[in-house]
Amino acid sequence: MGFRKAEEQLEIIRRGVIDIVREDELLDKLRRSRAENRPLRIKLGLDPTAPDIHIGNAIPIHKLAAFQKLGHTAILIIGDYTAMVGDPTGANKTRPMLSRERIMANAGTYLNQIGKILDTGKIELVYNSKWFEKMSFSEIINLAAKITVARMMERDDFTQRYSSGIPISLHELLYPLMQGYDSLMVKSDVELGGTDQLFNLLVGRDLQRDWGLEPQVALTTPLLEGTDGQKKMSKSLGNYIGITEEPAQMFGKAMSIRDDLMKKYFVLATDLDEKSVDELLHHDVHPREAKAELAKAIVARYWDTAAAERASEEFDKVFKEHKLPEDLPEILLPRNELKDGKIWIVKLLVSSGFTKTNGEARRLVAQGGVSINDEIFKDADAEVNIIPGMVVKVGKRRFARIGVGD
RNA sequence: GGGGAGAUUCCCGAGUGGCCAAAGGGGACAGACUGUAAAUCUGUUGGCGUAGCCUUCGGAGGUUCGAAUCCUCCUCUCCCCA
């Protein structure tokens, strides 16, 4: 099939990338690959530590897909062993060791979700338990001898934890070595990862060199701030947009990001080219309109343009025209909770799942956050007449239609 | 192995016998203003049909009319010495 010119490939590869260590080596690898008509081996390791992939950790996956489109071999490592340790990168405490069952369940959902991004028919898929499971203690010692404590402690995350007296367990120091060992085992030419992975990626280079292999090129992509606009997008912070979320939900979450993150989201979370992005972010386009385009582009990336269009219209209907959303969840109240066709408003909120406790429901009501058929209820002692089909709204964006069941 | 310090509510962190469901900050939620943006302002933030009651301060016992606070043991963490 033949590869494109190395320089052309590099230009595509460079898009939305922070570091390439080293770029001259990458160019050289690309040239040789073309001359020998041999695909490069591009590695991406994913630790199945959470059940969902979000648009933040999807960034390097998209980069892997770009390499794949250029004809290179995508190697996906499911870090079932590394997930047990938990990547200490950026963490301020030891991550909980995950159970084998949890990890394997997550790995399953990962693979399903990755199909939205990568051609999974063409990837080389490996679990790193393949080599770690049978590793002997002497091999571990041998591996651990390859790096010094001082080198490890150069890392800001470890240094900070150490100096502020937060425990660091020995097994956490093993993590970068494990990741590097993966590179050794799959003979990667390039490894992808977020910028916070640079250290781990460089360890891979060192190990390969030590073992007499050609070192991999480390390529890092930016980290994406979550919908809170503050911290890195992550499952545990709940500030993420999952790639399998419903279009409406995806759209809504995208609309809630800060204006100054739009550019970053456009580059990293959509397929839009630079020119259209610049046009949208031009000062005479209202930021809200630009953001709607962004939200559509994100939905379109994981669903399709029709779904994106529908989500956009639906959003406008609810938040611009203040009409009811189309697919209101329907909640049935058990008949025995009604008295003379009435229910205590607090009970209503708890039974319909809006709040977990009575206290929380009381607060919401007292603060004017609850309305029924557009009428605000502020009295937490109120008894509400249940009319099947009535619409309860809690806060700005949670709705449900109420019915009665048995 | 020896010595010292510590574990408080979602997080950080005050509190060293009753005035403590526990200051302050962060986060979160709700309201106002908006564009489901930011900033700002206000309120709420253990449970309970709530002027009251119940359960919380690493765990288990104990002292006391009364314990987050004092004592004993245990678990875990950090620091110093070796």
Side-chain angles (χ1 to χ4, degrees), chain A residues 91-94 96-97 158-170 172 225-232 234-241 245-266 280-281 283-296 298-299 311-325 337-339 342-351 353-371 376-384 392-399:
Chain A
N92 55 13
K93 58 180 172 214
T94 307
M97 289 238 218
F158 281 146
T159 311
Q160 272 193 12
R161 280 168 66 180
Y162 190 70
S163 60
S164 49
I166 299 164
I168 301 169
S169 295
L170 204 53
E172 295 183 71
E225 285 86 349
T227 50
D228 60 352
Q230 296 294 322
K231 304 204 175 98
K232 177 180 137 181
S234 83
K235 173 84 185 174
S236 53
L237 291 172
N239 61 354
Y240 70 101
I241 303 176
E245 287 190 70
E246 290 301 311
Q249 195 133 34
M250 237 182 209
F251 193 95
K253 284 188 179 181
M255 286 305 279
S256 76
I257 67 160
R258 290 166 37 165
D259 287 2
D260 50 7
L261 281 175
M262 277 200 274
K263 169 98 190 192
K264 206 168 174 184
Y265 269 65
F266 266 123
L280 281 168
L281 294 176
H283 60 263
D284 51 44
V285 178
H286 191 289
R288 194 203 172 275
E289 296 316 309
K291 205 178 289 176
E293 291 305 316
L294 170 64
K296 271 197 263 184
I298 292 173
V299 174
S312 172
E313 281 163 22
E314 178 74 2
F315 186 86
D316 283 352
K317 200 174 109 191
V318 176
F319 294 104
K320 261 186 164 170
E321 300 160 35
H322 302 287
K323 291 188 184 152
L324 290 174
E337 290 196 1
L338 304 188
K339 264 183 245 140
K342 292 183 170 197
I343 187 168
W344 180 33
I345 189 159
V346 167
K347 197 101 218 153
L348 171 64
L349 295 179
V350 176
S351 299
F354 279 113
T355 65
K356 283 204 265 308
T357 64
N358 290 10
E360 198 183 342
R362 276 175 181 281
R363 258 173 259 135
L364 277 166
V365 174
Q367 291 179 135
V370 177
S371 64
I376 295 174
F377 278 68
K378 277 197 146 177
D379 179 8
D381 294 318
E383 300 285 333
V384 183
V392 176
K393 185 182 176 196
V394 176
K396 279 193 182 95
R397 43 194 108 156
R398 297 155 69 200
F399 303 84

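The chains referred to below are lettered A, B, ... by the order of the sequence lines, with proteins before strands, and numbering in each begins at 1. Everything numeric here is computed off the predicted structure, so don't read it as measured data.
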Discussion item. Does this structure show an ion pair linking A:Glu337 with A:Lys347, if we count only N-O contacts that are shorter than 4.0 Å?
Written reply: no
Worksheet item: Within this structure, what is the CD1-to-P distance between A:Ile257 and B:G35, rounded to whole angstrom?
Response: 18 Å
Response to the item:
Any strand, both distances under 3.5 Å, Watson-Crick or G-U wobble: B:C48 pairs with B:G52
Worksheet entry | Rounded P spacing from B:U69 to B:U63 in Å | 15 Å
Worksheet entry | Pairwise C1' distance for B:U9 and B:U44, with rounding to whole Å | 15 Å
Item to complete: Considering only atom P, compute the distance from B:U64 to B:A14 and round it to an integer number of Å.
Response: 32 Å
Practice prompt. Could you please name the partner base of B:C10, counting Watson-Crick and G-U wobble pairs only when both distances are under 3.5 Å?
Written response: B:G26
Practice prompt. Mark yes when over 12 heavy atoms from residues, nucleotides or ligands other than A:Lys317 sit less than 6.0 Å from its NZ; otherwise mark no.
Written response: yes
Discussion item. For the C1' atoms, the ones on B:G13 and on B:G24, what distance do you get once it is rounded to whole angstrom?
Written reply: 8 Å
Worksheet entry | P-based separation of B:G2 from B:C53 [nearest Å] | 49 Å
Practice prompt. Just call it for A:Leu261: base, sugar-phosphate, or nothing, with non-hydrogen atoms closer than 4.0 Å on any strand.
Written response: nothing
Item to complete: Would you mind classifying the nucleic acid contact of A:Pro287 as base, sugar-phosphate or nothing, using non-hydrogen atoms under 4.0 angstrom?
Response: base
Worksheet entry | Verdict with supporting geometry, A:Val370 and A:Phe354, side-chain contact (heavy atoms from CB on, under 4.5 Å) | CA-CA 10 Å; A:Val370 177; A:Phe354 279 113; over 6 Å; no
Worksheet entry | First of A:His286 and A:Pro167 reached from the 5' end of RNA chain B, by closest nucleotide | A:His286
Fill in: Whole-Å distance separating the CE atom of A:Met255 from the P atom of B:G35
11 Å
Worksheet entry | Protein-nucleotide distance (A:Ile166, atom CD1; B:G6, atom C1'), rounded to Å | 14 Å
Response to the item:
side-chain contact (heavy atoms from CB on, under 4.5 Å) test vs A:Glu225 passes for just one of A:Lys264, A:Gln230, A:Lys232, A:Lys231, namely A:Lys264
Practice prompt. For A:Gly252, answer base if it contacts any base atom (sugar-phosphate contacts may also be present), sugar-phosphate if it contacts only those atoms, and nothing otherwise; contact means non-hydrogen atoms under 4.0 Å.
Written response: base
Response to the item:
Of A:Lys320 and A:Asp381, the one whose nearest nucleotide on RNA chain B sits closer to the 5' end is A:Lys320
Item to complete: Send over the distance from A:Leu170 CG to B:U77 P, rounded to a whole Å.
Response: 13 Å
Worksheet item: Using the P atom in both, what is the distance from B:A82 to B:U77, to the nearest Å?
Response: 23 Å
Fill in: Contact state string [nucleotides 41-48 of chain B, B base, S sugar-phosphate only, - no protein heavy atom under 4.0 Å]
--BSS-SS
Worksheet item: For A:Tyr265, which residues count as a ring-ring contact (aromatic ring centres under 6.0 Å, His included) partner, sequence neighbours excluded?
Response: none
Response to the item:
By the Watson-Crick or G-U definition, both distances under 3.5 Å, B:U40 is matched with B:A32
Response to the item:
Value for CZ (A:Arg161) from NZ (A:Lys93), rounded to nearest 0.5 Å, stands at 10.0 Å
Discussion item. Taking only the P atom of each, what is the distance from B:G43 to B:A23 in whole angstrom?
Written reply: 16 Å
Worksheet item: Between B:A39 atom P and A:Arg258 atom CZ, what is the distance in whole Å?
Response: 7 Å
Discussion item. Between A:Glu172 and A:Thr94, is the side-chain contact (heavy atoms from CB on, under 4.5 Å) condition met? List the steps.
Written reply: CA-CA 8 Å; A:Glu172 295 183 71; A:Thr94 307; 2.8 Å; yes
Practice prompt. Using the P atom on both, measure B:U45 against B:A22 and round to a whole Å.
Written response: 10 Å
Practice prompt. Specify the separation, in whole Å, of atom CD of A:Glu293 and atom P of B:G35.
Written response: 18 Å
Discussion item. At less than 3.5 Å, do the side-chain atoms of A:Asp228 and the base atoms of B:G27 form a donor-acceptor pair?
Written reply: no
Worksheet item: To the nearest angstrom, how far is A:Phe319 atom CZ from B:G35 atom C1'?
Response: 12 Å
Fill in: Candidate pair A:Glu245 and A:Lys253, rule salt bridge (charged side-chain N to carboxylate O under 4.0 Å, His left out), full reasoning
CA-CA 10 Å; A:Glu245 287 190 70; A:Lys253 284 188 179 181; 3.1 Å; yes
Practice prompt. Return the nucleotide paired to B:U63: Watson-Crick means purine N1 to pyrimidine N3 with N6-O4 or O6-N4, wobble means G-U with N1-O2 and O6-N3, both under 3.5 Å.
Written response: none
Fill in: side chain to side chain contact (heavy atoms under 4.5 Å, CB included) involving A:Glu293 - partner list, sequence neighbours excluded
A:Leu280, A:Lys296
Discussion item. Return the pairing partner of B:C78 with a 3.5 Å limit on both distances, Watson-Crick or G-U wobble; otherwise return none.
Written reply: B:G4
Discussion item. Looking only at the side chain of A:Arg362 (C-beta and beyond, no hydrogens), which of the listed nucleotides B:U50, B:C79, B:U34 gets closest?
Written reply: B:U50
Practice prompt. Measure from NZ on A:Lys347 to P on B:U50 and round the result to the nearest Å.
Written response: 12 Å
Worksheet item: Touch check for A:Glu383, heavy atoms < 4.0 angstrom, all strands: base, sugar-phosphate only, or nothing?
Response: base
Worksheet item: Just wondering, are more than 12 heavy atoms of other shown residues or ligands nearer than 6.0 Å to CD1 in A:Ile376?
Response: no
Discussion item. Nearest to the side chain of A:Leu364, heavy atoms from C-beta on, is which of B:C29, B:G35, B:C33?
Written reply: B:C29
Item to complete: May I ask which nucleotide in the shown strands pairs with B:A68, Watson-Crick or G-U wobble, both distances under 3.5 Å?
Response: none
